[in-house]
Amino acid sequence: MFKRYGNRRELPLHLMLVPGLVMLLIFAYVPMMGIIIAFQQFNPVKGLFGDQNWVGLANFKTIFAMPNIWQVIGNTVFIAVMKIILGMIVPIVFALLLNEVKQVLFKRVTQTIIYFPYFLSWIILSGIMIDILSPSTGLANVILSWFGLGPVYFLGENSWFPYTMVASDVWKNFGFNSVIYLATITSIDTTLYEASAVDGAGRWRQTWHVTLPGMRMIIVLLMVLSLGSIFDAGFDQIFNLYSPQVFASGDIIDTMIYRLGLQQSQYSISAGVGLMKSGVSFVLITVSYYMAYRLFKYRFF
Amino acid sequence: MHVHSTTGTRIFNLFNLIVLTLTCAGCLIPFIHIVSLSFSDKAAVMGGLVKLWPVHFTLDPYRYVLERGAFWHAFGMTLERVAIGATLNVVLVIILAYPLSKAGDKLRMRTLYVWIFFFTMLFNGGLIPNYILVKELHLLDTVWALVLPGAVGVFNIVLLLNFFREVPAELEDAAFIDGAGHWRTLWQIYVPVSLPAIATVTLFSIVGHWNAWFDGMIYMKVSHYPLQTYLQSIVIKFDFNTMSPEEAKRLAKLNDRSIKSAQMIVAVIPVLLVYPYLQKYFVSGIRLGSVKG
């Protein structure tokens, strides 16, 4: 095991990897194999790899016979795609605006304020939203009533619920997500701005012809990588804010998996829905990483 | 740089500052409102008088929360998971990132190892197999159910290994000439020079464990709920089963919204305390770690 360079042996490097590999084997690869219960009629008494009844694709027939399955898939993709699109546009616009600020203190304070919600849990933020968005006593509806509007049932009406989810998700994350764009803007070669200023370009034209092209690569890269999350509508948020009256617009794949599996104990059916989600996501994530690699030589490791 | 300072520029600057100020207000107002509710008395809250400042200032909601056994029990459970979970995460990240930061000619089978880690980001077993596994390992209702399944953070490994790659080769060579092995080189050279990245990983891990609630809900009994799960049951599910009659009597004198607000504020304070450090480190951490073109 000795290598040529100095007394650097290779074995310790492999030993360092052992604990992590064991943990991954148990807590990532065993559950991956455990997905076989989607093809069984799982009986918890017999255990995960026990002598279970195999039922072939019967669970999937049951899943696609459920009256709401396509609606749930549709809700998931709708909410997730809206979150992806607005979750990119808002931070980009914000980074551009923040970059134009010349007052350092103002910039600092703004950043400090807008990054903060990212670090709070959806429990706290949901608690705040439930209070503020309450149709009777909530601050939001009190303010709307000053203008003779409302009350709006942000969390209780199907026409509002998905948009409330998207808006609050953008609200939580836009500050933090703007960090990467701000960093990119800062790294753009300043001589490009000077050259364009000499050519008589104002700030609008500089933004259009220098800043945005400088951000193009990172924008496209993050767009490509977000492809993998179009089945992630955000369980933590929706689970804490939805209710049966908005299931038509707000029930998503992950909440359905939870209710089927852990509330109704239909383990195999729930695992089947989970496998469909993981399977499609696997294809999308693989494609997105492959595209990112081919287009930008982006490598995760 | 900007040669002209035209009227247009000045109007834009003003407009920009206004937009950004309004955005900040939009981020702050919900929190200010909740803080105000938590310091206001029952009549003022019920009368809808409280907006962005406490009305009829009182500390009673906080007194109620601080004297509540279940709240502190959940708080303690969270401290336990943060202490064990974050330590485990950080130690694993360090000893995994170091070998993986080596090039393929210094670590045989590196490609295989990398794929084993990377594949877990592409595919996962999903909720149900994970739940059954934790159950069959007899981890239910123990702190291990909260810290072991997420112990290996692949994103954090990548963040740190990119940092490790920036360590000058001369530093490492010098250590090896002095007779140090990989372990000593890692702990005495790599870790000290990578403290900003390690701080980032540590803080993210702490905040992640502090904020986690779902695993607590599915794996723990009600009496062992961590703080966020406890809050979820009180603030969001309105589940008051855990309350003693005496507590219920005291609660009648207070407004429910004030108490919920006070509990949320107390749960936010620790995040607020580490936030300055988080902000100091994450910007550099993110730049180095997440996206390299």
Side-chain angles (χ1 to χ4, degrees), chain A residues 6-8 10 12-13 16-17 19-21 23-24 27-28 30-32 34-35 47-48 97 100-101 110 112-117 119-121 123-124 126-128 131-132 137 139 179-180 183 193-194 197 203 217-218 240 257-258 261-262 267 270-271 274-275 278 282 285-286 296 300-301, chain B residues 1 3 9 16 19-20 23-24 27-28 30 33-34 48 92 95-96 98-99 102 107 113-114 116 118 120 122-130 132-133 136 148-149 151-152 158 176 181-183 207 211 213 218 228 231-232 235-236 257 260 264 267-268 271 275 278-279 283 286-287 291 293:
Chain A
N7 57 348
R8 270 172 272 191
E10 202 184 317
L13 295 179
M16 284 181 199
L17 289 167
L21 289 172
M23 295 296 290
L24 271 195
F27 290 103
V30 170
M32 281 184 209
I35 201 74
L48 194 53
L97 292 180
E100 296 294 329
V101 174
T110 306
T112 303
I113 291 170
I114 62 163
Y115 295 163
F116 188 60
F119 294 99
L120 298 180
S121 70
I123 300 299
I124 303 289
S126 301
I128 294 176
D131 189 281
I132 285 183
T137 56
L139 185 65
V179 173
I180 189 79
Y193 289 101
E194 284 154 17
R203 266 156 103 178
M217 197 189 104
I218 193 82
N240 287 311
I257 290 172
Y258 172 79
L262 297 184
Y267 290 122
S270 177
L275 174 59
S278 299
F282 172 70
I285 297 170
T286 309
F296 302 108
F300 188 71
F301 267 94
Chain B
M1 209 164 84
V3 192
T9 312
N16 191 15
V19 168
L20 292 178
T23 312
C24 288
C27 285
L28 276 179
H33 182 61
I34 294 296
L92 279 172
I95 63 172
L96 290 170
Y98 177 75
K102 303 293 173 202
L107 178 72
Y113 289 134
V114 164
I116 292 176
F118 183 57
T120 62
L122 303 178
F123 190 74
N124 65 76
L127 172 67
I128 301 303
N130 274 295
I132 295 171
L133 174 72
E136 291 190 2
L148 292 182
V152 178
V158 172
F176 278 106
H182 279 297
W183 280 99
V207 173
N211 283 342
W213 61 278
I218 63 176
Q228 300 283 338
L231 282 179
Q232 203 258 353
V235 178
I236 292 163
R257 283 172 75 195
K260 285 177 180 172
M264 289 193 280
V268 168
V271 182
Y275 183 56
L278 261 175
Q279 211 197 342
V283 177
I286 296 292
R287 269 183 219 169
V291 178

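Worth saying up front: this structure is predicted, and the values here are computed from it rather than measured. Proteins come first, then strands; the chains are lettered A, B, ... in the order of their sequence lines, and each starts at number 1.
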How far does [atom1] of [X] sit from [atom2] of [Y], to the nearest 0.5 angstrom?
X	Y	atom1	atom2	value
A:M32	B:L133	CE	CG	12.5 Å
A:I128	B:M264	CD1	CE	5.5 Å
B:L96	A:M23	CG	CE	10.5 Å
B:L122	A:T286	CG	OG1	4.5 Å

Is it the case that the side chain of [X] and the backbone of [Y] share a donor-acceptor pair, with hydrogens and angles ignored and the cut-off at 3.5 Å?
X	Y	value
B:Q228	A:I123	no
A:S278	B:N124	yes
A:Y115	B:Y275	no

Which atoms form the tightest heavy-atom contact between [X] and [Y], and what is the distance?
X	Y	answer
B:F123	A:L275	CZ-CD1, 4.0 Å
A:G20	B:L92	N-CD2, 3.9 Å
A:G127	B:V235	CA-CG1, 3.7 Å
A:T110	B:C24	CG2-SG, 3.5 Å
A:L120	B:N211	C-ND2, 3.7 Å
A:T137	B:R257	CB-NH1, 3.4 Å

message = Within the structure provided, determine whether A:L13 and B:K102 are in side-chain contact (heavy-atom separation under 4.5 Å).
response =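 In short, these two side chains touch, coming nearer than 4.5 Å.
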message = Within the structure provided, determine whether A:F27 and B:V152 are in side-chain contact (heavy-atom separation under 4.5 Å).
response =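 Answer no - side chains too far apart.
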Part of [X] within contact of chain A (heavy atom distance under 4.5 Å):
X	value
B:L148	both
B:V114	both
B:W213	side chain
B:I34	side chain
B:I132	side chain

message = Quick check for you: among A:L48, A:N240, A:V101, which has the greatest number of heavy-atom pairs under 4.5 Å with chain B?
response =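 Most heavy-atom pairs under 4.5 Å with chain B: A:N240.
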key: Largest heavy-atom contact set with chain B, pairs under 4.5 Å, which of A:I285, A:I114, A:I124, A:I257   =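 With the most close heavy-atom pairs to chain B, the winner is A:I124.
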key: CA sep, side-chain torsions, deciding dist, call: A:F116, B:Q279, side-chain contact (heavy atoms from CB on, under 4.5 Å)   = CA-CA 9 Å; A:F116 188 60; B:Q279 211 197 342; over 6 Å; no
key: CA sep, side-chain torsions, deciding dist, call: A:I35, B:I128, side-chain contact (heavy atoms from CB on, under 4.5 Å)   = CA-CA 8 Å; A:I35 201 74; B:I128 301 303; over 6 Å; no
task = Given side-chain contact (heavy atoms from CB on, under 4.5 Å), test B:H33 with A:I132 step by step and report yes or no.
result = CA-CA 8 Å; B:H33 182 61; A:I132 285 183; 3.8 Å; yes
key: Contacting moiety of A:V30, where chain B heavy atoms sit under 4.5 Å   =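 Contact with chain B involves the side chain of A:V30 alone.
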key: Option in B:L20, B:V207, B:V19 with maximal non-hydrogen atom pairs under 4.5 Å from chain A   =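 The candidate making the most pairs under 4.5 Å is B:L20.
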request  = For A:L21, enumerate each residue passing the side chain to side chain contact (heavy atoms under 4.5 Å, CB included) test, keeping only those at least two apart in sequence or located in another chain.
outcome  =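 By the side chain to side chain contact (heavy atoms under 4.5 Å, CB included) rule, A:L21 matches A:L17, B:Y113, B:I116, B:F117.
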